[in-house]
**Student:** 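Here's a structure for you.
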Amino acid sequence: MRLSAFFAPTLREDPAEAEVPSHRLLLRAGFVRPVAAGVYTTLPLGLRSMRKIERIVREEMEASGAIELRMPILLPADPWKATGRYELYGETLFRLTDRHERDMLLGPTQEEVVTEIVAAELPSYRDLPINLYQVEWKYRDEFRPRFGLLRGREFLMKDAYTFDRDEEGMRRSYDAMLRAYHRIFDRCALSYVVVEAEPGQIGGDVNHEFMARAEVGEDLFVECANGDYLADRKAATPMPPEHVDVGEPHPLERVHTPNAATINAVSALLGLPAERMLKTMLYDAGGRTVAVLVPGDREVEEAKLERVLFPTPVRPFDEDDFRVRGFVRGYVGPQGLDGEATVLADHSVRGGADWVTGANEADHHVTGANTPRDFRIDRYEDLVALRDGDRCPVDGGQLRIGRSIVVGHIYQLGTRYSGPLGATFVDEDGTNRPYQMGSHGIGISRILAAAAEQFHDDQGLRLPKALAPFEVVVISANADDDRVAAETERIYGELSSRGVDVVVDDRGERAGVKFADADLVGYPVHIVVGSRGVAAGTADLKLRASGDRSQASLTDAAEAAVALLSSAP
RNA sequence: CGGGCCGUGGCGCAGCUUGGUUAGCGCGUCUGACUGGGGGUCAGAAGGUCGCCGGUUCAAAUCCGGCCGGCCCGACCA
């Protein structure tokens, strides 16, 4: 490819709308241009990188036995109503109506479509297992598209769907995807972690997220400094604190705490640390009152509470709940709860005694609250929000919270879709059984952004060679020098014939512009041919990742570039 | 959706507070000259319904209202 006959518009200045590095650099380097919020045109350079990611994904999917097909983006709403996702997805679903007033939507994922086609065409256990996948654009009307390609309303995704006879088969298919995903992200050279995560709107049970480490990541994960524990932050369980022996329990005493409706206020008033307080959070779970007890310095992780109470929906008390059910906000204590309420306590509550907690009347707290003497705990559960510095449940090491971008997510769905859609096959014994399904996504366009986050510096992008739009650039530093032009062409031709993905910068620009662009776009290997070098019989080489420069004779330049490329990340 | 910031030639910005002649600057673009290994210099030129609609006013980029669009912070997801 010749840059003189290509379309790679670069920006000299940072676009005003871009804050995060990947967004800024993908715009500046000419990979994408905005069309609307969260919607982008993929320019030629960006498309080349995206195609390279797609290729890696396809190769590994095929190697794992998956079969590619292509499903429509424009979908009828009915199957979505059957699985309940038409409502569940809510505002995030792009809905439209056709001329016959039929409800349609733009596919955010394609479980419904693939399940129906498999049910129609693969009715026998002999047809199973099967793994069907596609690479297609997905549409989600995100509340807040942001960070360029990191969270668009349109994004390119590889989605694979597995169908098995039984749960054991489903787990085997799942493991095959897990292994394939590792190979894919390894080949993309991403720094990533794999954690168990929340099922979200896809539903199902066991699932893992592949998270690319990134400062700007929106997803938090937790890891132990000793490397033996890794989890989604919302699912992470800290090791509970040691039980502190306070000796003989103090008596329960009521104390006057005017205008102290917060933990901090009570703590300041009584001169006691927040962890001595017992925080009583009230929730409504399908009409029932649920009290959650955590130490005063901790927060409740509502995602954990939802899982504990699943499938009953949970919401925090609002002002009306407090009033109608007779609780005083800011002064709630578990000793005032009757048998109608469920009392859940985090494991960390086991470690304490002589709690300070609400007296269930305005401006009063109690001290010396102890269970079971003063209040009842129905169940201990893991309910606290994990925070930096908590102790690892495996070895007690320091936990820290890392930020990441979810680039892949795999699910064991079971019969979440095959059930409601009536998708069954005939098993060996002649009975109809629903398919045991799995669903496996990879954000192709997001990988590009995540890679840009991980691989860049002040000069621009420096994507790994597996993802860079070209592997090598040959720059003619003096475009109007005939001998330079001739040598540039010769080296370019030699690299092409060796099968290197090479581009030549034969534009009429000045050398400085070409150098700056080469760094900005981040070609892994740069070869510079100029008047000085040609006179001396040499070309200059640069490895973008390290900035290391070297020289080679003009005749060896292509060879040297190939060698340098093999050493490039 | 709640909160904050912002819409001025292709891009980045100033001007708006305190309304008043032809709306400026840098980059980019075009022409010419000089130049030629890290976004070069000089001379000249083109390019703007100041997001849209309405209001106030003798007069609006500037003040007021509404709407649209974009970005950033919070609850969902690849």
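Order of the sequence lines fixes the chain letters, A, B, ..., with proteins taken first and strands second; residue numbering starts at 1 for each chain.
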**Student:** Where along residues 154-163 of chain A does a heavy atom fall under 4.0 Å from RNA chain B?
**Tutor:** A:Phe155, A:Met157
**Student:** Can you tell me which residue pairs pass the salt bridge (Lys or Arg N to Asp or Glu O under 4.0 Å) test with a partner in residues 25-39 of chain A, sequence neighbours excluded?
**Tutor:** A:Asp14-A:Arg28
**Student:** What is the distance from CD1 of A:Ile405 to P of B:rA78, rounded to the nearest Å?
**Tutor:** 14 Å
**Student:** Can you label the angle between the A:His23 ring and the A:Tyr40 ring as parallel, tilted or perpendicular, going by 30° and 60°?
**Tutor:** perpendicular
**Student:** For A:Asp480 and A:Arg28, find the nucleotide of RNA chain B closest to each by heavy atoms; which residue's nucleotide sits nearer the 5' end?
**Tutor:** A:Asp480
**Student:** Report, one line per pair, each donor and acceptor closer than 3.5 Å where one atom sits in a side chain of residues 520-533 of chain A; sequence neighbours left out.
**Tutor:**
unit_1	atom_1	unit_2	atom_2	d
A:His526	NE2	A:Tyr523	O	2.9
A:Ser531	OG	A:Asn478	OD1	3.3
A:Ser531	OG	A:Asp481	OD2	2.9

**Student:** Touch check for A:Val407, heavy atoms < 4.0 angstrom, all strands: base, sugar-phosphate only, or nothing?
**Tutor:** sugar-phosphate
**Student:** In whole Å, what is the span from the CD1 atom of A:Ile410 to the C1' atom of B:rC77?
**Tutor:** 16 Å
**Student:** Sequence neighbours excluded, which residues qualify as ring-ring contact (aromatic ring centres under 6.0 Å, His included) partners of A:Phe470?
**Tutor:** A:Phe6
**Student:** Return the set of residues passing side-chain hydrogen bond (donor to acceptor under 3.5 Å, both in side chains) with A:Glu509 (not counting sequence neighbours), or none when no residue passes.
**Tutor:** none
**Student:** Would you indicate which nucleotide in B:rG40, B:rG37, B:rA78 comes nearest to any side-chain atom of A:Asn478?
**Tutor:** B:rG37
**Student:** Which letters describe nucleotides 23-30 of chain B, given B = protein heavy atom under 4.0 Å from base, S = only from sugar-phosphate, - = neither?
**Tutor:** ---BSS--
**Student:** Just to verify, what does A:Phe317 make a ring-ring contact (aromatic ring centres under 6.0 Å, His included) with, not counting sequence neighbours?
**Tutor:** A:Phe322
**Student:** Determine the Euclidean distance between corresponding C1' atoms of B:rC13 and B:rG48; express it in Å to zero decimal places.
**Tutor:** 15 Å
**Student:** What integer distance in Å separates A:Lys514:NZ from B:rG40:C1'?
**Tutor:** 15 Å
**Student:** Who passes salt bridge (Lys or Arg N to Asp or Glu O under 4.0 Å) against A:Glu142, sequence neighbours left out?
**Tutor:** A:Arg151
**Student:** Under 4.0 Å, counting only non-hydrogen atoms across every strand here, what does A:Arg549 touch: a base, just sugar-phosphate, or nothing?
**Tutor:** base
**Student:** Within the sub-3.5 Å range, which N or O atoms of nucleotides 68-72 of chain B have a protein N or O partner, and how far apart are they?
**Tutor:**
unit_1	atom_1	unit_2	atom_2	d
B:rG70	OP1	A:Ala37	N	2.7
B:rC71	O3'	A:Glu17	O	3.2

**Student:** By ring-ring contact (aromatic ring centres under 6.0 Å, His included), which residues pair with A:Tyr133, not counting sequence neighbours?
**Tutor:** none
**Student:** Looking at the base of B:rG38, is there any donor atom on it, or on the side chain of A:Asp519, that sits under 3.5 Å from an acceptor on the other one?
**Tutor:** yes
**Student:** Heavy-atom count check: over 12 atoms from other residues, nucleotides or ligands less than 6.0 Å from A:Glu215 CD?
**Tutor:** no
**Student:** Assign each of A:Val529 and A:Arg151 to its nearest nucleotide of RNA chain B by heavy atoms, then name whichever residue's nucleotide is nearer the 5' end.
**Tutor:** A:Val529
**Student:** Any pair with a residue in residues 552-561 of chain A that passes side-chain hydrogen bond (donor to acceptor under 3.5 Å, both in side chains), sequence neighbours left out, goes on the list, sorted by first then second residue, please.
**Tutor:** A:Arg498-A:Glu559, A:Ser553-A:Thr555, A:Ser553-A:Asp556
**Student:** In whole angstroms, how far is the C1' atom of B:rC76 from the CD atom of A:Glu302?
**Tutor:** 14 Å
**Student:** Figure out the CG/C1' separation between A:Asp141 and B:rC76, and round it to whole Å.
**Tutor:** 12 Å
**Student:** Among A:Lys234, A:Arg298, A:Lys304, find the residue that satisfies the salt bridge (charged side-chain N to carboxylate O under 4.0 Å, His left out) test when tested with A:Asp382.
**Tutor:** A:Lys304
**Student:** Does A:His456 have any ring-ring contact (aromatic ring centres under 6.0 Å, His included) partners at least two apart in sequence or in another chain, and if so, which?
**Tutor:** none
